[in-house]
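What follows is one structure encoded as structure tokens, with my remarks underneath.
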Amino acid sequence: MREHVIATWGRWDGSRVRHEAAKLSCSNAAQITEVAEQPAGLVVVERLQTHIQLEQLLILPAYQRKGIGRVLIVDLAQEAQARSIPVCLRLLAVNPARSFYEKLGFRVTASTPERFFMALPGS
């Protein structure tokens, strides 16, 4: 994410990022994703009454482009569909992951110069 943060805000504050990452990873909403009992990434999901909020989906480089993120999103989509609510997320406008989410059915619902807000309908 470093390159995306720098492209968006012009600088990287490693101390702040480490602090926020530590806080986020200790959240009850955080889950380590494993492949063959090895850490492969982190997913942070807030389950609300009105929607499922995907806060973070981080897959380690060695595990990217292997379908892991897709499986995690499909699972969330099935959960949301069963509850008839959308899955929502936000990402930096410079992040190429937008096309990944669009291939899975997400659509941009709002945007700012810095971010895209996306949703996948739940019904």
Side-chain angles (χ1 to χ4, degrees):
M1 292 300 296
R2 181 183 179 131
E3 66 191 65
H4 304 313
V5 169
I6 292 170
T8 302
W9 291 294
R11 66 184 194 90
W12 176 260
D13 183 344
S15 176
R16 179 180 174 200
V17 170
R18 282 188 298 280
H19 174 76
E20 289 177 2
K23 183 179 170 184
L24 191 61
S25 66
C26 291
S27 161
N28 289 335
Q31 180 180 356
I32 300 293
T33 299
E34 294 183 344
V35 173
E37 299 182 17
Q38 295 298 312
L42 174 74
V43 62
V44 182
V45 178
E46 293 285 342
R47 289 168 171 85
L48 306 168
Q49 289 286 345
T50 57
H51 66 283
I52 295 173
Q53 182 70 38
L54 177 61
E55 292 290 343
Q56 289 283 343
L57 175 59
L58 302 169
I59 305 296
L60 294 171
Y63 295 96
Q64 292 176 2
R65 303 193 187 287
K66 298 184 185 302
I68 297 165
R70 183 182 188 287
V71 168
L72 293 169
I73 297 299
V74 167
D75 287 350
L76 283 178
Q78 290 173 345
E79 179 184 340
Q81 188 171 27
R83 294 177 55 197
S84 298
I85 58 174
V87 178
C88 300
L89 62 89
R90 65 183 182 161
L91 70 153
L92 294 177
V94 298
N95 189 334
R98 177 182 172 182
S99 64
F100 165 76
Y101 291 114
E102 287 177 334
K103 288 176 187 173
L104 293 171
F106 283 82
R107 297 293 171 251
V108 174
T109 58
S111 64
T112 67
E114 297 172 342
R115 297 187 188 274
F116 289 114
F117 297 85
M118 302 181 80
L120 177 67
S123 55

Review point. Which atom pair, heavy atoms only, marks the closest approach of Ala93 to Pro113?
Key: CB-O, 3.8 Å

Extract all donor-acceptor atom pairs below 3.5 Å that involve side chains of residues 38-49 and protein atoms in other chains or at least two apart in sequence.
{"unit_1": "Arg47", "atom_1": "NE", "unit_2": "Glu79", "atom_2": "OE1", "d": "3.2"}
{"unit_1": "Arg47", "atom_1": "NE", "unit_2": "Glu79", "atom_2": "OE2", "d": "2.7"}
{"unit_1": "Arg47", "atom_1": "NH2", "unit_2": "Glu79", "atom_2": "OE1", "d": "3.0"}

Review point. At what distance, to the nearest 0.5 angstrom, does CG of Leu57 lie from CD of Glu55?
Key: 12.0 Å

Exercise for review: Mark yes when over 12 heavy atoms from residues, nucleotides or ligands other than Arg83 sit less than 6.0 Å from its CZ; otherwise mark no.
Suggested key: yes

Counting only pairs under 3.5 Å, give me each side-chain donor-acceptor contact of residues 101-112, with atom names and distances, residues two or more places apart or in other chains.
{"unit_1": "Glu102", "atom_1": "OE2", "unit_2": "Arg98", "atom_2": "NE", "d": "2.9"}
{"unit_1": "Glu102", "atom_1": "OE2", "unit_2": "Arg98", "atom_2": "NH2", "d": "3.2"}
{"unit_1": "Arg107", "atom_1": "NH1", "unit_2": "Glu102", "atom_2": "O", "d": "3.3"}
{"unit_1": "Thr109", "atom_1": "OG1", "unit_2": "Phe117", "atom_2": "O", "d": "3.2"}
{"unit_1": "Thr112", "atom_1": "OG1", "unit_2": "Glu114", "atom_2": "N", "d": "3.2"}
{"unit_1": "Thr112", "atom_1": "OG1", "unit_2": "Arg115", "atom_2": "N", "d": "3.0"}

Practice item. Give the C-alpha distance, both sets of side-chain angles, the deciding distance and a yes or no for side-chain contact (heavy atoms from CB on, under 4.5 Å) between Leu72 and Ile59. Key: CA-CA 11 Å; Leu72 293 169; Ile59 305 296; 4.2 Å; yes

Study note, to complete from the structure: Across all chains, not counting sequence neighbours, the side-chain hydrogen bond (donor to acceptor under 3.5 Å, both in side chains) partners of Gln78 are none

Check your understanding: Going only through I, L, V, M, F, W and Y residues with side-chain contacts under 4.5 Å, is there a path from Val71 to Leu76?
Key -> no

Check your understanding: With a 4.5 Å heavy-atom cut-off, do Phe100 and Leu91 have their side chains touching?
Key -> no

